[in-house]
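Atoms within each ligand, like the ligands themselves, are counted from 1 in listed order.
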Amino acid sequence: MKSIQVRDKKFDIYLTKEKIQETVKAVAEMMIPDLHDKNPLFVIVLNGAYVFAADLIRHFEFDCEIAFIRLSSYQGMQSTRKVKEIMGLTQDVTGRNVVLIEDIIDTGTTMAYAKKRFKEKGAADVKLAAFLFKPNAFEENYTIDYIGMEIPDDFIVGYGLDYDECGRSYPDIYVVNSK
Ligand code: IMP
Ligand code: MG
């Protein structure tokens, strides 16, 4: 579809599902040499990252574990700069090679918080994998180890990403039409 309506806003096609899958494969190929012999613990940051994570992880034919946390910082189309931990991790991460999987890094607040929490809990290493990155919105200075694609500072939906909890199910990614 060229355009979709999500709640009160119109969105136009931005990344097709074919381009998305190509990008996911490229991210996996960056990660495999680093992680295949590390028995990593992949921590999926809910809600948005579940679709990307499901596609990414199916490229990994080696020993690994999967866990979920749920963090929230966005309201409508704006970051609140405050991270709420809605669901934390229950297992021990001491000495583990943790890889946080995120859909998109915008101001960077959410992943700064998560990285710090996992270091405090005793993880040996905490890496970040994000499908999308908005460099012009980034307000932090940590390294993002694996990035699918850099995009302008525009609001997008689809492929797990939502606008007020709507629009996550679309297989393509759409950008808000500001006209
Ligand atoms: P940050 O803490 O500002 O880096 O924001 C990261 C979180 O905000 C992501 O996990 C997303 O849930 C959400 N987010 C950031 N940009 C967008 C967007 O364009 N569309 C939908 N959600 C977004
Ligand atoms: Mg998210």
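Applying the 4.0 Å criterion to heavy atoms of Thr107 picks out, from ligand 1, the atoms 1 (P), 2 (O), 3 (O), 4 (O).
The number of heavy atoms from other shown groups lying within 6.0 Å of CG (Asp63) does not exceed 12.
Under a 4.0 Å N-O distance rule, the pair Glu85/Arg117 qualifies as a salt bridge. With salt bridges taken as basic N to acidic carboxylate O contacts below 4.0 Å, none links Glu61 and Arg58.
Residue contact check for ligand 1: Lys134 places a non-hydrogen atom closer than 4.0 Å to it. Residue contacts with ligand 1 leave out Gly48, since none of its heavy atoms falls under 4.0 Å from the ligand. At least one heavy atom of Asp154 sits closer than 4.0 Å to an atom of ligand 1.
Residue contacts with ligand 1 for Glu102 involve side-chain atoms from C-beta outward but no N, CA, C or O (heavy atoms, distance under 4.0 Å).
Minimum interatomic distance between Phe62 and Leu35 (heavy atoms only, all atoms of both residues): CE1-O, 3.9 Å.
Here's the thing with Gly108: one of its N/O atoms is less than 3.5 angstrom from an N/O atom of ligand 1. The N/O atoms of Phe155, backbone and side chain alike, include none that comes under 3.5 Å of an N/O atom in ligand 1.
Residues Thr16 and Asp172 have side chains that never bring a donor and an acceptor to within less than 3.5 angstrom of each other.
Nearest-heavy-atom check against atom 5 (O) of ligand 1 across Thr110, Leu161, Ile173, Asp162 picks out Thr110.
At a threshold of 4.5 Å between non-hydrogen side-chain atoms, the residues Val176 and Ile156 do not count as touching.
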